[in-house]
Asks: 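Okay, here's the structure, questions in a sec.
Please read these numbers as outputs of a predicted model, since none were measured by experiment. Note that these values count all heavy atoms, side chains included, but never hydrogens, waters or copies made by symmetry.
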Amino acid sequence: MTTQDDNVVEIYSDGACKGNPGPGGWGALLRFRGKEKELFGGEPGTTNNRMELLAVIQALATLNRPCQVVVYTDSQYVQKGISEWIHGWKAKGWKTAAKEPVKNADLWQRLDAERNRHVKVEWRWVKGHAGHEFNERADQLANRGVESLG
């Protein structure tokens with residue numbers, strides 16, 4: 001399930017929320033040429049979807065030069081949003097098909113900007129809580145983000 005290309009950064013991201021809304025956390029595991037970096041953080045009053053988005057944003061922002069990236073997420077909201085829905089939202093001035101404001105537009109705009117800094121970003125959905133080693137680690141990091149709030 002991992003990429004074999006030495007020039008590709010793999011990002012495994014996840015979000016967690018205790019209550020929705022409620023205290024939330026995000027986590028990301030970055031892998032490149034056999035090295036790993038763990039990131040996590042939390043916010044006191046948030047939603048699961050915001051934490052899923054923030055995990056990827058923070059991971060991409062950590063990369064200090066344009067890269068080829070594969071993002072693994074168990075959030076169809078993130079995967080479909082960035083690869084399918086965002087085009088329509090942008091064309092409609094960040095409105096949905098029902099002419100409502102896009103939820104989390106601030107984070108979608110940040111994610112769009114981060115991905116555009118890179119050479120190429122692929123978005124791959126993985127089933128959550130299914131024993132995938134790196135996705136499980138991202139989940140643990142997201143939970144550490146919640147715990148970091150005290």
Asks: Rounded at 0.5 Å granularity, tell me how far OG1 in T46 sits from CG in L149.
Replies: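 The distance works out to 10.0 Å.
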
Asks: Return the set of residues passing salt bridge (charged side-chain N to carboxylate O under 4.0 Å, His left out) with E36 (not counting sequence neighbours), or none when no residue passes.
Replies: R31, R137

Asks: Side chain to side chain donor-acceptor pair (under 3.5 Å) with E122: which residues, sequence neighbours excluded?
Replies: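 Counting only residues at least two positions away or on another chain, E122 forms a side chain to side chain donor-acceptor pair (under 3.5 Å) with R124.
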
Asks: Working to the nearest 0.5 angstrom, can you tell me the gap between L111 CG and I82 CD1?
Replies: 4.0 Å

Asks: Listed by chain and number, what are the side chain to side chain contact (heavy atoms under 4.5 Å, CB included) partners of A97, not counting sequence neighbours?
Replies: none

Asks: According to the side-chain hydrogen bond (donor to acceptor under 3.5 Å, both in side chains) rule, which pairs have a member within residues 14-23, sequence neighbours left out?
Replies: K18-N143

Asks: Is there any salt bridge (charged side-chain N to carboxylate O under 4.0 Å, His left out) pair reaching into residues 49-75, and which pairs are they, with sequence neighbours excluded?
Replies: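 Passing the test, one end in residues 49-75: R50-D106.
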
Asks: Can you tell me how far the OG atom of S75 sits from the CG atom of L53, to the nearest 0.5 Å?
Replies: 7.0 Å

Asks: Between A59 and L30, which heavy-atom pair has the shortest distance, and what is it?
Replies: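 Closest approach of A59 to L30, heavy atoms only: O-CD2, 3.8 Å.
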
Asks: For V56 and I11, what are the C-alpha separation, side-chain angles and deciding distance, and is it a side chain to side chain contact (heavy atoms under 4.5 Å, CB included)?
Replies: CA-CA 8 Å; V56 184; I11 294 173; 5.5 Å; no

Asks: For side chain to side chain contact (heavy atoms under 4.5 Å, CB included), just list the numbers for L39 and W26, CA-CA rounded to whole Å, side-chain angles, deciding distance to a tenth of an Å, and then say yes or no.
Replies: CA-CA 8 Å; L39 306 171; W26 58 267; 3.7 Å; yes

Asks: Hey, is the main chain of W108 close enough, under 3.5 Å, to the side chain of D112 for a donor-acceptor pair?
Replies: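 Between the backbone of W108 and the side chain of D112 there is no qualifying donor-acceptor contact (under 3.5 Å).
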
Asks: Of all heavy-atom pairs between T96 and P101, which one has the smallest distance, and what is that distance?
Replies: CG2-O, 4.2 Å

Asks: Name all residues meeting the side chain to side chain contact (heavy atoms under 4.5 Å, CB included) criterion together with W85; count only those two or more places apart in sequence or in a different chain, and write none if there are none.
Replies: Y77, K80, W89

Asks: Mind listing the closest non-hydrogen atom pair of V9 and F32 along with its distance?
Replies: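 Heavy atoms only, the tightest pair is CG2-CD1, 3.6 Å.
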
Asks: Any idea which heavy atoms bring S148 and G42 closest together, and the distance?
Replies: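 Closest approach of S148 to G42: OG-N, 4.2 Å.
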
Asks: Starting at CD of Q79, measure out to OG of S13 and round the result to the nearest 0.5 Å.
Replies: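 Q79 CD to S13 OG: 11.0 Å, rounded to 0.5 Å.
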
Asks: Among all residues two or more places apart in sequence or in another chain, which pass the side chain to side chain contact (heavy atoms under 4.5 Å, CB included) test with K127?
Replies: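 By the side chain to side chain contact (heavy atoms under 4.5 Å, CB included) rule, K127 matches W125, A130.
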
Asks: Say you draw a straight line from OH of Y72 to NE2 of H132; how long is it, rounded to the nearest 0.5 Å?
Replies: 7.0 Å

Asks: Please enumerate all residues that pass side chain to side chain contact (heavy atoms under 4.5 Å, CB included) together with A105, with sequence neighbours excluded.
Replies: W94, V102, Q109

Asks: Applying salt bridge (charged side-chain N to carboxylate O under 4.0 Å, His left out), name anything that partners K103, two or more places apart in sequence or on another chain.
Replies: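 Result, salt bridge (charged side-chain N to carboxylate O under 4.0 Å, His left out) vs K103: none returned.
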
Asks: Considering non-hydrogen atoms only, spot the tightest contact between H118 and L60 and give its length.
Replies: NE2-O, 3.5 Å

Asks: Sequence neighbours left out, what passes side chain to side chain donor-acceptor pair (under 3.5 Å) with Q58? Give chain and number order.
Replies: none

Asks: Linking I/L/V/M/F/W/Y whenever any side-chain heavy atoms sit under 4.5 Å apart, do V146 and M51 land together?
Replies: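 Different hydrophobic clusters.
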
Asks: Who are the salt bridge (charged side-chain N to carboxylate O under 4.0 Å, His left out) partners of E136, not counting sequence neighbours?
Replies: none

Asks: Tell me the closest heavy-atom pair linking R115 and V121, and the distance in Å.
Replies: O-CG2, 3.9 Å

Asks: Under the criterion side-chain contact (heavy atoms from CB on, under 4.5 Å), which of L29, V126, T73 is the partner of N135?
Replies: V126

Asks: Taking only Lys NZ, Arg NE, NH1 and NH2, and the carboxylate oxygens of Asp or Glu, determine whether E114 and R117 approach each other closer than 4.0 Å.
Replies: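 Salt bridge: yes.
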
Asks: Does E10 form a side chain to side chain contact (heavy atoms under 4.5 Å, CB included) with V69? I'd like the steps, not just the answer.
Replies: CA-CA 6 Å; E10 294 177 323; V69 182; over 6 Å; no

